[in-house]
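Notes follow once the structure below has been shown.
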Amino acid sequence: MNANSTTPIEFVLLGISERTDLQTLLFAVFLIIYFFILMGNLIVFVATIYSQALHTPMYFFLRHLSFLDICYTSVILPQMLVHFITKRKIISFLGCAMQMFFYIFLGTAICYLLAVMAYDRYLAICHPLHYIRLMTRRTCFLFVSSCWIIGLFVSLLQTWLIFSLPLCGSNVINHFFCDISPLMRLNYPSNFINNMENILAVFLVLIIPFIFILVSYILIITAISKLSVPAGRRRKKTFSTCSSHLIVVILFFGSACIKYMKPNSTVSPNADKYLSLFHTIICLALNPVIYSLRNKEVKGAFMRLWESTLLD
């Protein structure tokens, strides 16, 4: 280890903006966004439990996605809100490691759950006669459990790799949370080692589930294209059941790929912050809107839940 390397007891997070006159405004804006994410995902979660019609594998996975979205955002936003209204924007070394651990853990689980949801749509569309037999309750639980286990494994590996490397002595992180890229900039090892770590993370977290999603939708599109002309209405309905998931996949994976598939040296710290902001907060704020507005079953379940609440 380099003689100048140290293990800081705490880190300073510079946040989104260092302008003191904007902190109160930013606090109000992100408090509203956090409330919207919590309520939006909670509504989807409760609606899919309340409605018997939504007790299917597709909505079982959607319910778990809503739960993961709430947890994923809660790893970052509460501390971010506190830092808007405090002068010392610090996080302990252990707190930083824990934040990164849960960020990678939940983010990886979301990526693999989106892949499972694509596979579920593939079975439902391409093998409808065998769907109920193949996608049993036990199978659904195994799929969801696998997403959590893979997330745990990847998170333990990546967090250990990053925090086992010597730091350059600086404890200032130009970011609003303990993300991978800004912490890599504090490490002594060459860009080659950092890039190898980044490639490993991208392969395990993004490329594997994305290939799975891509293959599933290629098979789905191939199956739909073979439907006869009189089956156009069925084709439209089939596409509508996939459209919400596709939009979420494009937003989540697209922003993640732009952020993590570029070498650290080519991305400025400020650009990295804004990409993280879109990926970790804005995308998750849009998810409940996408699934609610583009899904008649979810909207219907919510309206019935709302009416029953008013009658009670």
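Keep in mind the model is a prediction, meaning the values are calculated, not measured.
- Hydrophobic clustering, defined by side-chain heavy atoms of Ile, Leu, Val, Met, Phe, Trp and Tyr closer than 4.5 Å, groups Met39 together with Phe35.
- A side-chain donor-acceptor contact under 3.5 Å links Tyr34 and Ser74.
- The two atoms that bring His55 and Thr48 nearest to each other are CD2-O, 3.3 Å, heavy atoms only.
- A distance of 12.0 Å separates CG of Leu31 from CG of Leu26, quoted to the nearest 0.5 Å.
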Which atom pairs, one a donor and one an acceptor, fall under 3.5 Å between side chains of residues 150-161 and the rest of the protein, sequence neighbours left out?
from: Ser155; atom 1: OG; to: Phe101; atom 2: O; distance (Å): 2.4
from: Thr159; atom 1: OG1; to: Ser155; atom 2: O; distance (Å): 2.7

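- For Cys140, the disulfide bond (SG atoms under 2.5 Å apart) test picks out no residue, with sequence neighbours left out.
- With hydrogens and angles left out, the side-chain atoms of Tyr260 and Asp179 include a donor and acceptor closer than 3.5 Å.
- Listed by chain and residue number, Asp21 satisfy the salt bridge (Lys or Arg N to Asp or Glu O under 4.0 Å) test with Arg19 (two or more places apart in sequence, or in another chain).
- Taking 4.5 Å as the limit, some side-chain heavy atom of Cys178 sits within range of a side-chain heavy atom of Leu183.
- A donor and an acceptor atom, one from each side chain of Tyr59 and His64, are nowhere located under 3.5 Å apart.
- Side-chain atoms of Ser66 come within 3.5 Å of backbone N or O of Leu62 as a donor-acceptor pair.
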Using atom types as modelled, flag every donor-acceptor pair under 3.5 Å from a side chain in residues 108-118 to any protein atom, sequence neighbours excluded.
from: Thr108; atom 1: OG1; to: Ile104; atom 2: O; distance (Å): 2.7
from: Tyr112; atom 1: OH; to: Leu204; atom 2: O; distance (Å): 2.5

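- Classification of the Phe45-Phe67 ring pair by plane angle, with boundaries at 30° and 60°, yields tilted.
- Considering only residues two or more places apart in sequence or on other chains, Arg88 meets the salt bridge (Lys or Arg N to Asp or Glu O under 4.0 Å) condition with Glu10.
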